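Not measured: the values here are computed from a predicted model.
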Amino acid sequence: VQLQASGGGLVQAGESLRLSCTASGGTFSLYAMGWFRQAPGKEREFVAAISVLGHGTKYAGFVKSRFTIDRDNAKNTVTLQMNSLKPEDSAVYYCAAGIQGTRSIWTMTRGELFDAWGQGTLVTVSS
């Protein structure tokens, strides 16, 4: 599966952004989908994941109800709605797809569980 992320940009603290990721070349509904981010000089970190049918989600602790991950299997898309953005949310955001199989979505927080990655979209939050 190939992934194309979009929606990044420059916003002020407190504003919102909606990231989208479109998949092609595979059976989207077989994949759990995740969002990760990497800030300059820092390691990649998990942001959110959603199960194959969208019934289960997992968020990183720092999200604190500010972000919402969703998916539309009919459109092969996954989105990340980000509200109340903070300067520390600035990073390149990557969408990723991984075969969930029998795993709980709660365990899909490690990058090595995801097989395909998008190119990343830059989010910059100014203070």
Side-chain angles (χ1 to χ4, degrees):
V1 63
Q2 290 80 48
L3 304 175
Q4 180 75 35
S6 62
L10 172 63
V11 297
Q12 293 188 335
E15 293 185 341
S16 300
L17 274 177
R18 184 177 180 85
L19 306 184
S20 293
C21 177
T22 300
S24 60
T27 304
F28 184 69
S29 59
L30 292 179
Y31 293 91
M33 298 299 297
W35 287 95
F36 291 76
R37 70 185 188 183
Q38 187 167 20
K42 295 188 177 181
E43 293 188 353
R44 183 182 63 195
E45 63 180 348
F46 169 77
V47 177
I50 188 166
S51 61
V52 294
L53 296 180
H55 297 157
T57 57
K58 172 68 174 175
Y59 295 94
F62 61 77
V63 169
K64 294 183 179 178
S65 302
R66 299 182 297 128
F67 297 178
T68 302
I69 188 170
D70 199 4
R71 67 188 294 161
D72 185 337
N73 285 352
K75 296 181 179 180
N76 289 0
T77 59
V78 61
T79 58
L80 184 69
Q81 176 67 40
M82 305 187 295
N83 299 327
S84 302
L85 283 163
K86 305 174 182 180
E88 51 264 42
D89 293 318
S90 297
V92 177
Y93 282 72
Y94 298 91
C95 60
I99 297 294
Q100 184 175 352
T102 59
R103 291 191 185 96
S104 164
I105 194 64
W106 280 67
T107 68
M108 294 200 70
T109 60
R110 303 195 316 271
E112 56 264 35
L113 296 178
F114 292 83
D115 309 298
W117 294 80
Q119 85 287 5
T121 185
L122 178 63
V123 172
T124 305
V125 184
S126 63
S127 58

Joint cluster assignment, F62 & L80, ILVMFWY side-chain distance < 4.5 Å: yes
Separation between CD of Q100 and CG of L30, rounded to the nearest 0.5 Å: 10.5 Å
Qualifying salt bridge (charged side-chain N to carboxylate O under 4.0 Å, His left out) pairs, either residue in residues 66-94, two or more places apart: R37-D89, R66-D89
Evaluation steps, side-chain contact (heavy atoms from CB on, under 4.5 Å), between V63 and V47: CA-CA 7 Å; V63 169; V47 177; 4.2 Å; yes
Cluster overlap W35 with L85, hydrophobic side-chain contacts below 4.5 Å: yes
Residues that R44 engages under side chain to side chain donor-acceptor pair (under 3.5 Å), provided they are two or more places apart: none
Single-linkage hydrophobic cluster, 4.5 Å side-chain cutoff, V1 and I105 together: no
Trace of the side-chain contact (heavy atoms from CB on, under 4.5 Å) decision for F114 with M108: CA-CA 8 Å; F114 292 83; M108 294 200 70; 4.1 Å; yes
Run the side-chain donor-acceptor check on residues 120-127: report pairs under 3.5 Å with partners two or more places apart or on a different chain.
residue, atom, partner, partner atom, Å
T121, OG1, G8, N, 3.0
S126, OG, V11, O, 3.4

Show the atom names and distances, to 0.1 Å, of all donor-acceptor pairs under 3.5 Å that link a side chain in residues 13-25 to residues at least two apart or in another chain.
residue, atom, partner, partner atom, Å
E15, OE1, Q12, N, 3.0
S16, OG, N83, OD1, 2.9
R18, NH1, Q81, OE1, 3.2

Selection residues 49-60 - residue pairs positive for side chain to side chain donor-acceptor pair (under 3.5 Å), sequence neighbours left out: none
Pairing residues for F28 by the ring-ring contact (aromatic ring centres under 6.0 Å, His included) criterion, not counting sequence neighbours: none
Connected-component partners of L53 among ILVMFWY, side-chain separation under 4.5 Å: V52
Joint cluster assignment, F36 & M33, ILVMFWY side-chain distance < 4.5 Å: no
M82 vs T68 side-chain heavy atoms within contact, under 4.5 Å: no
Contact list for residues 98-117, test salt bridge (charged side-chain N to carboxylate O under 4.0 Å, His left out), sequence neighbours left out: R110-E112
Partners passing side chain to side chain contact (heavy atoms under 4.5 Å, CB included) against Y94 (at least two apart in sequence or in another chain): Q38, V92, W117
Within residues 26-55 or reaching into it, pairs that qualify as disulfide (SG to SG under 2.5 Å) - sequence neighbours excluded: none
Fellow cluster residues of L10, listed by chain then number, with links counted only when side-chain atoms sit under 4.5 Å apart: none
Approximate separation, where rounding is to 0.5 Å, of T27 OG1 and N76 CG: 9.0 Å
